[in-house]
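When reading the values below, keep in mind they use all heavy atoms of this one structure, side chains included, and skip hydrogens, waters and symmetry mates.
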Amino acid sequence: QVQLVESGGGLVQPGRSLRLSCVASGSTLDYYAIGWFRQAPGKEREEVACINSRDGRDGSASYADSVKGRFTISRDNVKSTVYLQMNSLKPEDTAVYYCATDLICPVLPEMFDDWGQGTQVTVSS
């Protein structure tokens, strides 16, 4: 019932930054955890960041080891949007990035099947 639209990807050089957005339509994100996933060709989908609702572990966030210290997830419930600030980007960050919802973090991808088109992030010199 919740449609998620990802945007903000692009082609950047290593070390630069991007900010991804996940906007919900047809519903609200207020009471749900939101996870950011990425998938590169030939690789498994990886959850890189997740943020809880205010009612779920007090809005706490978690990150995959591969992005800790570089990525920051945040949310704006008024705009029904979740962001992923990506700094110090590396070539290995290249992937299609998706967002998904769940009750608490981590978001379980097997419980979500309404994946959007995602947004392509390419990090290259």
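Contact detail for Arg75 and Ala33: the closest heavy-atom pair is NH1-CA, 4.3 Å. Closest heavy-atom contact between Ser124 and Leu11: CB-CD1, 4.3 Å. Between Ala95 and Gln120, the shortest heavy-atom distance links the atoms O-NE2, 3.4 Å. Taking all atoms of both residues into account, the shortest heavy-atom contact from Gln85 to Ser17 is NE2-CB, 3.8 Å. For Pro106 against Glu47, the heavy-atom pair with the smallest separation is CB-OE1, 3.6 Å. Scanning all heavy atoms of the two residues, the minimum distance from Ala100 to Phe112 falls at CB-CD2, 3.6 Å.
Residues Tyr83 and Val67 do not share a hydrophobic cluster, clusters being chains of Ile/Leu/Val/Met/Phe/Trp/Tyr side chains in contact below 4.5 Å. The hydrophobic cluster containing Val12 also contains Val48, counting ILVMFWY residues as joined when their side-chain heavy atoms lie under 4.5 angstrom apart, directly or transitively.
Checking Gln39, Glu6, Arg38 one by one against Tyr97, the side chain to side chain contact (heavy atoms under 4.5 Å, CB included) holds for a single residue, Arg38. Tested against Leu4 for a side chain to side chain contact (heavy atoms under 4.5 Å, CB included), the candidates Thr101, Ile34, Val23 yield a single pass: Thr101.
With contacts defined as side-chain heavy-atom distances shorter than 4.5 Å, the pair Tyr63/Ile73 qualifies. Leu89 places a side-chain heavy atom less than 4.5 Å from the side chain of Phe71.
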Handout entry: side-chain contact (heavy atoms from CB on, under 4.5 Å) between Tyr32 and Val107, worked out
Key = CA-CA 10 Å; Tyr32 296 95; Val107 169; over 6 Å; no

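Residue Glu44 qualifies as open at atom CD: its count of foreign heavy atoms under 6.0 Å is 12 or below.
Rounded to the nearest 0.5 angstrom, Ser88 OG and Arg16 CZ are separated by 12.0 Å. Rounding to the nearest 0.5 angstrom, the gap separating the OH atom in Tyr31 from the CG atom in Leu103 is 13.5 Å. Atom OG of residue Ser53 and atom CG of residue Asp58 lie 9.5 Å apart, to the nearest 0.5 angstrom. The line from OG1 of Thr72 to CE of Met86 is 11.0 Å long, rounded to the nearest 0.5 Å. For the atom pair Thr122 OG1 and Asp93 CG, the distance stands at 11.0 Å (nearest 0.5 Å).
Side chains of Ser60 and Asn52: a donor-acceptor N/O pair is present below 3.5 angstrom, by distance only.
Ring-centre distance between Phe37 and Trp115: below the 6.0 Å cut-off.
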